[in-house]
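Read the structure below first, then the notes.
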Amino acid sequence: MTPAERIAELRRLIRYHEERYYVLNDPEIADAEFDALMQELERLEADSPDLVTTDSPTQRVSGRPAAGFDTVEHAEPMLSLDNAYSEEELRAFDDRVRRGVAAAGETVEEIDYVAELKIDGLSVALTYENGTLVRGATRGDGVRGEEVTSNVRTIRAIPLKLRIPTSSGASPSGSPGEPEGFAPQKIEIRGEVYFPRRAFERINKEREESGEPLFANPRNTAAGTMRSLDPALVAKRGLSAWMYQLVGGPEGPPLQGPALQPEIVVTTHSDVEADLQVGLQTHAETLETLKAWGLPVEPHWRRCRGVDALVAFCREWEEKRRTVGFDTDGVVVKLDRVDLRATLGTTSKFPRWAIAFKFPAEQKTTLLKSIEVNVGRTGAVTPFAMLEPVFIAGSTVSMATLHNSDDIARKDIREGDWVIVEKAGDVIPRVVGPVSSRRSPDSRPWQMPAECPRCGSRLHRAEDEAVWRCENTSCPAKLQRGLEHFASRGAMNIEGLGESLIAQVTGAGLVKDYADVYALTAETLEQLERMGKKSAAKVMLQIERSRTNELWRLIYGLGIRHVGERASQVLARAFGSMEALCAATTEQLEETPEIGPVLAESVRSWLDEPRNRGLIGRLREAGVNMEIPPDERAAAAVERRLKGKTYVITGTLASMTREEATAALERLGAKVAGSVSKKSTGVIVGGDAGTKAEKARTLGVPVLDEAGFLDLVKPES
Ligand SMILES: [Zn+2]
């Protein structure tokens, strides 16, 4: 066997075992055996670097941490689904579907549906070209999402290469895995990235041990992880995925697979978000096909004939929802016959042929021991409930949110009450209300404290706000929460400087603002309680390291209202340095892509505060990085050359793929649209172009050939 043959065999074997382990949850070999296969492949690839391909399992974690994500436009909008909260609403949906089908002249006694468990995760769209994963994108606003290919590649349930059987049918049996065959040229597959409950619990355990705050729920953590800029971190977290939809690319070539008879042709109807395939005539067939291609498909789906079967499925899973290893918050119901979907079409927001049945929130009754208040980073003082621990929706709950004092007064929630607590969509639990019949006769209404529980300042609230605030700028609680955010992993990422150490250093007066962190020494830290020489040195190393952080981390860490991770990245890229950001006018801030007037105003007023300017000055003196690297600066300067322009690409380009051409245009700030309109700036026409080129000529939109396009995107010299 030649090295090339062995490499190919190893890749097939590794994918086979990955699927058994990460998708089917049914491993055939021990972890050590799997590692041995991986090591052998790594060794062979190291000997023959020219045989390394991007779809090799050794290349899952390849990208380096990025400065930000590119925005990509979806081939077709990713619509959300209408919801049903009760059996009645589900039956009403079935009525509408039957009427719609009857109106189209079809006589169908009972409608065939496919019911799938609704995954509580983050929607993604994967693009495969010639069977190889080339792009992963988040749903975003449904029209545009973020390009997260490097992160998607780290998810072991997702194949880097699809398994398409050969046409001859001569599949060499005996060896697991499938031979490489004829793959559809370009398809998009949609599904959900989620946190397996086991992986989520493991991560929270690790965080607890290292003194980091725990993640609240798997869905938000999955979403946050997918938006992490560091693929290596994503790989460590252990996300997984279930896929459930097949979509054709814009003007994509026919989807062909000799093994799938009759021939499949993907047609794209821009007004229908659907698995529109001739050949795959039902949704059930689509799911079977995805599975056959080696994609992860959640196995509990069922074909249901008629609404009664559907209701039974929903009831059954409302009971059994905790028996699967991931969070499910309902059942997705889709019409099985693909041709009928096209008949029903979509409303402006939802497809008419699908609905999401939501499980009711889980509720329990427990004792409200006391009502405490917490002072946040912005000084907001919020009440929360301390509860007699109670098990709800898969975890033990001992605290719940009470929103604000108005809400407590309106519901008349009192200390010592028995209360109903619920976990809706598995987010932070909340107190629904008291069980008044069980109230003790000597209970009294709860009163919001008049003073800050930490510094004793009188609390204030703005007329139009429900929130009380401590306005003392040097309130220790605010400083503490602010520092926790400043040092957090998403911001300055100072490991070891967690809640308890921050409480110690602020309590001892060692740190009065963020800049003081950089004045800490190993000697002072060692004198603190529970702080050995070793851990003090560790923290010092982390503080030292954080001085060279990317600029966006600092901007985010400052905790400016409304400025999240994404906005910080945008600001850093747009202005290039803290100095330039400080000098920016509100107008300049507003002109920055993705920065709206609220954000611009918030940034400007924060920077105008003399205290904050002083803080930035001291951070600069402490040697904290306040600039982006020169090469990124150069890129940022030319980046927006095609801002405001919209191009359409049609036909095949000789020098690059459609994805690469799109990326080249988007890098320069242009948008790439799927269809030609009068507003299009230009249409780029490759070989075998279809009707779009003609349409452009009819509308008088400029047409560029490949040479013209290359000229357009050529770097300026
Ligand atoms: Zn205070």
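In each ligand, atom 1 is the first atom listed, and ligand 1 is the first ligand listed.
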Atom pairs and distances, donor-acceptor, side-chain atoms in residues 493-509, under 3.5 Å, two or more places apart:
residue: Gln504; atom: NE2; partner: Glu529; partner atom: O; Å: 3.1
residue: Thr506; atom: OG1; partner: Ile502; partner atom: O; Å: 2.7
residue: Thr506; atom: OG1; partner: Ala503; partner atom: O; Å: 3.3

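- Neighbours of the Zn ion (ligand 1) restricted to protein N, O or S atoms under 2.8 Å: the count is 4.
- Rounded to the nearest 0.5 angstrom, Leu229 CG and Trp552 CH2 are separated by 5.0 Å.
- With salt bridges taken as basic N to acidic carboxylate O contacts below 4.0 Å, one links Glu362 and Arg322.
- Taking CZ of Arg604 as the reference point, atom CD of Glu601 lies at 9.5 Å (rounded to 0.5 Å).
- Side-chain atoms of Arg461 come within 3.5 Å of backbone N or O of Ala466 as a donor-acceptor pair.
- Using a 4.0 Å cut-off between charged side-chain N and carboxylate O, Glu621 and Arg618 make no salt bridge.
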